[in-house]
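What you see below is based on every heavy atom in this structure, not just the backbone, and it leaves out hydrogens, waters and symmetry mates.
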Amino acid sequence: MKLNGNQIDFSDDFSPFYLDVLKEIGNIGAEHAATSLSKLLGNKIDMYVSSVKLAGFNEVMELAGGAETEVVSLMFRLGGAAAGSMFFILSPQQAAQFVSRMTRRTGLVQCQCQRDELEYSALRELGNIVAGSYLSALSDLTYLNVQLSVPALTVDMAGAILSSALVEHACTSDRALVIETSLTEAGDSNSSIDGYFFLLPDPDSSDTLLKSLGVSGT
């Protein structure tokens, strides 16, 4: 780990090897999440992590669709040994696709002033299953005790949702861990939902996470 001014630069520590380790952890979690979602929806669900990488804040905003693009965000606070913030970002169309499948209702996710609690509950359940499965796999393999908060669901411009978190995180690092996830339902529709996790570890947690993966962190 290097210091760049007051910032922590862990790009050298998170080498391709350790990003592959995080991807493998993600796929173990995805397998568990797919099993839970298959039971919930009554149909086979395949889920996998297609990539894990470090991204600068500008790239994070681009991956979310751009600062002026409306997105559906589920934000979690992580507590315990690897505290930080995690965002699960979906497009409104993909979120509506999942809601329609889960509730057997049609219609897009509405703005917050017109929120439909049933739709929001379905999305929070999706976030709980996916994020919870990933963190459970991470805890099992690193022996870190990580707790997940109740998700805060927001429908807004990506810039409005992510800016404050990225600015706060910028005091210690200019990069975030990006976990790209794809979810596919078997059947005639063969529908696919792609989403991004943005993981922003708290300063002390970066060192803890690196050490748990076998990196010195010094």
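Scanning all heavy atoms of the two residues, the minimum distance from Gly195 to Leu90 falls at CA-CD2, 4.0 Å. Here the shortest heavy-atom pairing between Phe197 and Thr181 reads CD1-OG1, 3.8 Å. Heavy atoms only, all atoms of each residue included: Lys23 and Val52 are closest at CA-CG2, 3.6 Å. Shown here for Ala176 and Leu200, the closest heavy-atom pair between the two residues is CB-CD2, 3.1 Å. Residues Gly29 and Ala137 approach most closely at N-CB, 3.7 Å, considering heavy atoms. Considering all non-hydrogen atoms of both residues, Thr208 and Ala81 come closest at CG2-O, 3.5 Å.
Hydrophobic clustering (side-chain heavy atoms under 4.5 Å, transitive across Ile, Leu, Val, Met, Phe, Trp, Tyr) groups Met47 together with Leu40. A continuous path of Ile, Leu, Val, Met, Phe, Trp and Tyr side chains, each step under 4.5 Å between heavy atoms, connects Val21 with Val49, placing both in one hydrophobic cluster. When the side chains of ILVMFWY residues are joined at heavy-atom separations under 4.5 Å, either directly or via intervening members, Leu135 and Leu144 end up in a single hydrophobic cluster.
The side-chain heavy atoms of Leu19 and Leu177, taken from C-beta on, include a pair separated by under 4.5 Å. Using a 4.5 Å cut-off on side-chain heavy atoms (C-beta onward), Arg77 and Ser85 make contact. Within the 4.5 Å cutoff, the side chain of Glu59 has no heavy atoms near those of the Val178 side chain. Using a 4.5 Å cut-off on side-chain heavy atoms (C-beta onward), Ser133 and Glu31 make no contact. Tyr134 is listed as a side-chain neighbour of Leu22, based on a closest heavy-atom distance under 4.5 Å.
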Exercise for the section: Decide yes or no on side-chain contact (heavy atoms from CB on, under 4.5 Å) for Leu126 and Leu183, but give the supporting numbers first. Expected result: CA-CA 11 Å; Leu126 171 66; Leu183 187 155; 4.2 Å; yes
Checking side-chain contact (heavy atoms from CB on, under 4.5 Å) for the pair Ile28/Glu24: CA distance, chi angles, key distance, verdict?
-> CA-CA 6 Å; Ile28 293 171; Glu24 182 60 27; 4.2 Å; yes
Hey, mind stepping through Leu148 and Leu78 against side-chain contact (heavy atoms from CB on, under 4.5 Å) and telling me if it holds? CA-CA 5 Å; Leu148 193 67; Leu78 310 182; 3.4 Å; yes
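Expressed to the nearest 0.5 Å, how far CD of Gln93 lies from CD of Glu70 amounts to 8.5 Å. Here CZ of Phe76 is found 7.0 Å from OG of Ser149. Values are rounded to the nearest 0.5 Å. Expressed to the nearest 0.5 Å, how far OH of Tyr120 lies from OG1 of Thr154 amounts to 8.0 Å. Distance check: Ile45 CD1 to Ile129 CD1 gives 10.0 Å after rounding to the nearest 0.5 Å. Here the straight-line distance linking atom CD1 of Ile161 with atom CG of Leu74 works out to 9.5 Å at 0.5 Å rounding. Summarising the geometry, atom CZ belonging to Phe198 is positioned 5.0 Å from atom CG belonging to Leu63; distances are rounded to the nearest 0.5 Å.
Under a 3.5 Å cut-off, the side chain of Ser136 and the backbone N or O of Gly132 do not form any donor-acceptor pair.
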